[in-house]
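What follows is a set of notes on a single structure, which appears directly below.
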Number of protein chains: 2
Amino acid sequence: MADVAGKAGVSRALVSIIFRNQPGASQETRERVLRVADEIGYRPDSAARLLARGRSRTLGVMFIVHQIFHTDLIEGIYPEAERLGYDVLLSGTTPGRGEAKAIEALLSHRCEGLILLAPDAEPAYLDELGHRAATVSVARRAPGARVDFVHSAEGKGVRQAMDHLVELGHRRIVHIDGGRGPGSAERRRAYRAAMRRHRLEAEQRVIPGAHTEESGIETGRLLLAERDRGLPLPTAVLAGNDRCAMGLLMTLTRAGVEVPRDMSVVGYDDSHLSHLMPIGLTTVRQDAVLMAENAVRFAVDRLENPELEPREAVLDPKLVIRGTSGPAPQEPAR
Amino acid sequence: MADVAGKAGVSRALVSIIFRNQPGASQETRERVLRVADEIGYRPDSAARLLARGRSRTLGVMFIVHQIFHTDLIEGIYPEAERLGYDVLLSGTTPGRGEAKAIEALLSHRCEGLILLAPDAEPAYLDELGHRAATVSVARRAPGARVDFVHSAEGKGVRQAMDHLVELGHRRIVHIDGGRGPGSAERRRAYRAAMRRHRLEAEQRVIPGAHTEESGIETGRLLLAERDRGLPLPTAVLAGNDRCAMGLLMTLTRAGVEVPRDMSVVGYDDSHLSHLMPIGLTTVRQDAVLMAENAVRFAVDRLENPELEPREAVLDPKLVIRGTSGPAPQEPAR
DNA sequence: TACTCGCACTAGAGCGCGCTAGTAGAGCGC
DNA sequence: GCGCTCTACTAGCGCGCTCTAGTGCGAGTA
């Protein structure tokens, strides 16, 4: 910076002003300084800037490296943060790198805001984080913690999906549970409520699972094995999420079960994965971009006004009807 | 830091020594200082540390947010970087956030090393980067640029896959091209060479495509349409990568083409996606962890010795035979 | 006793910026 | 001429840390 200032014949302070795009420099000088900076290859050092400014204007995002839906969220976080003048730092969790480590990395890089995608940590820890930075939890509720919360109205999404299936004549509708996955409990509850509402208590069935392809594959094998033992297949399956739905679909399709002719499958998330299906996966869309924007705005709002009480954004999910759901098959005469 | 020092009754310098785990403090004092720091909730500020130290010991990783294979690489980068004492910063590209922006972000955060996963930039730009930071390009060659290069021996991988298919009796083997995707040119060349070597020039066929699911789906539709016009299906397809293979598989399976009975499909990458198939995708494994480790080590080596000439690591890929490849179907009498 | 040595610790400069308080000079009204 | 404002610019402190060059002190040695 001193080099630039010297070569352009101005003070360091003026260079600073120019690089921050602030008033106080003539157009002429501005251009000259920028030209010189470009020649020298100068670029402001964000560490020093950050140190001097006291504020980093940086949001840290913790995500699970292998969660496709998280990459959708990230795609929404970047532009919104940029719009509000914030930098974004990513820190991923992997099987060998836990949440605590990922979060510590963000914190030590002076992130003022923390956007945690489906954090698995205990509320007490989240609360601690909430006191240290403007923290937003996406998709996972943290009761009592000083963090904002963005999620979608799981109940509404499931209800739409169930209404859709029932309308198509389905009665034997099975739900694959998401285990400890975020939102699973709410989805399971909503499934049960919907079955009750449609007077299908007798057909209710929740198969334990997870938000993974393997879970879908396993469930598929289970159902096929039951069929081979003479039990009827369900006519529709509401999977815990898209990944699970895809695993299930692959297993069924390979076994000659035609979707949606023989069975309908509905996912949850509308993640990029849906691209895989030539006919498209009927799924409940969580608007990743909208969730991302809300999360960013929550964090920024709280940074500008730290006294804000924890807030919650509930986004309406929307059923996206594609090719994997269709009329219920005719029951064979028994 | 001053607070900690004051409360523990020592100087700031000693606190610094203790937090850097350096000799020069008694065990007793160490424990006391750490205890006080914990009480206060002090954590060293990496921005200031970085500024003072002059070195950041940080590697920046640019990746494509939606590339599953990149997340595999990231999973390998973290532990290796940690082992060597380096921090990792992630910066993703998305449709709305180009490579230049992602890289600038890393640079302004003082990354000393740059690991670029499949960069699409011009060699001239990469060369410029190479002069500014220890830069490693993964999977994409940058002729003439001052960057290290890590990739797998595409030729060997394709050859193994082709030998495998020919051994199974396949002759009508089609290759779906990866377009501008990294490694595509080499893979295409190796496919042609293998066909020639097996005296199958007459059967050679390269279908233009891309490294996406959509490309696989389109190709599937194309092949099915040809079949409906009376043309024979290929007995095996070597896809440009796993994503393309998966799209193709979905399309074929849905149309009643049974894999591998009616057609074999081989992918490339062995990305996490393979989990989707209940029978597993036969694919050419690029060892992501090994590639990641090499990339990290290249960057670190160059940081320790900037005079190093650009190096290249060629990793041997390995065919992983799973469920989507099998004996060639009997040709129907014509 | 006088000295060296090693250990535990400290003072203070400086990393590259941002920011506050200030100056110099031009323009303007009276 | 004076005071005033406005624009363009500068001096220099301080952000939180690391690091070099020390200091003080007790133990060991001649």
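Order of the sequence lines fixes the chain letters, A, B, ..., with proteins taken first and strands second; residue numbering starts at 1 for each chain. None of the values given here were measured: they were computed from a predicted structure.
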Side-chain N or O of Arg12(B) closer than 4.0 Å to phosphate OP1/OP2 of dC9(C): no
When you measure from the side-chain N and O atoms of Ser26(B) to the phosphate of dC9(C), is any distance below 4.0 Å, counting only OP1 and OP2?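 For dC9(C), OP1 or OP2 has a side-chain N or O of Ser26(B) closer than 4.0 Å.
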Minimum-distance nucleotide (side-chain atoms of [X] versus [options]):
X         : options                   : answer
Arg49(B)  : dC17(D), dC9(C), dG18(C)  : dC17(D)
Arg110(B) : dG16(C), dG16(D), dT10(D) : dG16(C)
Ala13(A)  : dC9(C), dT10(D), dG16(C)  : dT10(D)
Ala25(B)  : dC9(C), dT18(D), dG16(C)  : dC9(C)
Ile17(B)  : dC15(C), dC17(C), dT10(C) : dT10(C)
Leu14(A)  : dT10(C), dT10(D), dC15(C) : dT10(D)

For Glu122(B), I'd like to know if atom CD has over 12 heavy atoms of other residues, nucleotides or ligands within 6.0 Å. no
Please check if atom CD in Glu99(B) has more than 12 non-hydrogen atoms from other residues, nucleotides or ligands closer than 6.0 Å. yes
Would you mind classifying the nucleic acid contact of [X] as base, sugar-phosphate or nothing, using non-hydrogen atoms under 4.0 angstrom?
X        : answer
Pro44(B) : sugar-phosphate
Thr29(A) : sugar-phosphate
Tyr42(A) : sugar-phosphate
Arg30(A) : nothing

Measure from [atom1] on [X] to [atom2] on [N] and round the result to the nearest Å.
X         : N       : atom1 : atom2 : answer
Leu50(A)  : dG16(C) : CG    : P     : 15 Å
Glu28(B)  : dC7(C)  : CD    : C1'   : 14 Å
His109(B) : dG16(C) : NE2   : C1'   : 15 Å
Leu51(B)  : dA13(C) : CG    : C1'   : 13 Å
Met1(A)   : dC19(C) : CE    : P     : 11 Å
Arg20(A)  : dT20(C) : CZ    : P     : 9 Å
Arg53(B)  : dA13(C) : CZ    : C1'   : 18 Å
Asp45(B)  : dG14(D) : CG    : P     : 18 Å

Would you say the ring centers of Phe298(B) and Phe149(B) fall short of 6.0 Å from each other? no
Between Val15(A) and Gly24(B), which has a closest nucleotide on DNA chain C that is more 5'?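 Looking at the nearest nucleotide for each, Gly24(B) comes out on the 5' side.
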Quick check against the 3.5 Å criterion: does Ser184(A) have a side-chain atom that pairs as donor or acceptor with the backbone of Gly178(A)?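 Checking the backbone N and O of Gly178(A) against the side chain of Ser184(A), a donor-acceptor pair under 3.5 Å is found.
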Distance only, no hydrogens: is a donor on one side chain within 3.5 Å (strictly under) of an acceptor on the other, for Glu75(A) and His66(B)?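 Present: a donor and an acceptor within the cut-off.
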What does dG27(C) pair with, Watson-Crick or G-U, if both distances are under 3.5 Å? dC4(D)
Which one is paired to dC7(C), where only Watson-Crick or G-U wobble pairs with both distances under 3.5 angstrom count? dG24(D)
Strictly below 4.0 Å, N to O, side chains only: are Arg132(A) and Glu128(A) in salt-bridge contact?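 Looking at Arg132(A) and Glu128(A), the cut-off is met.
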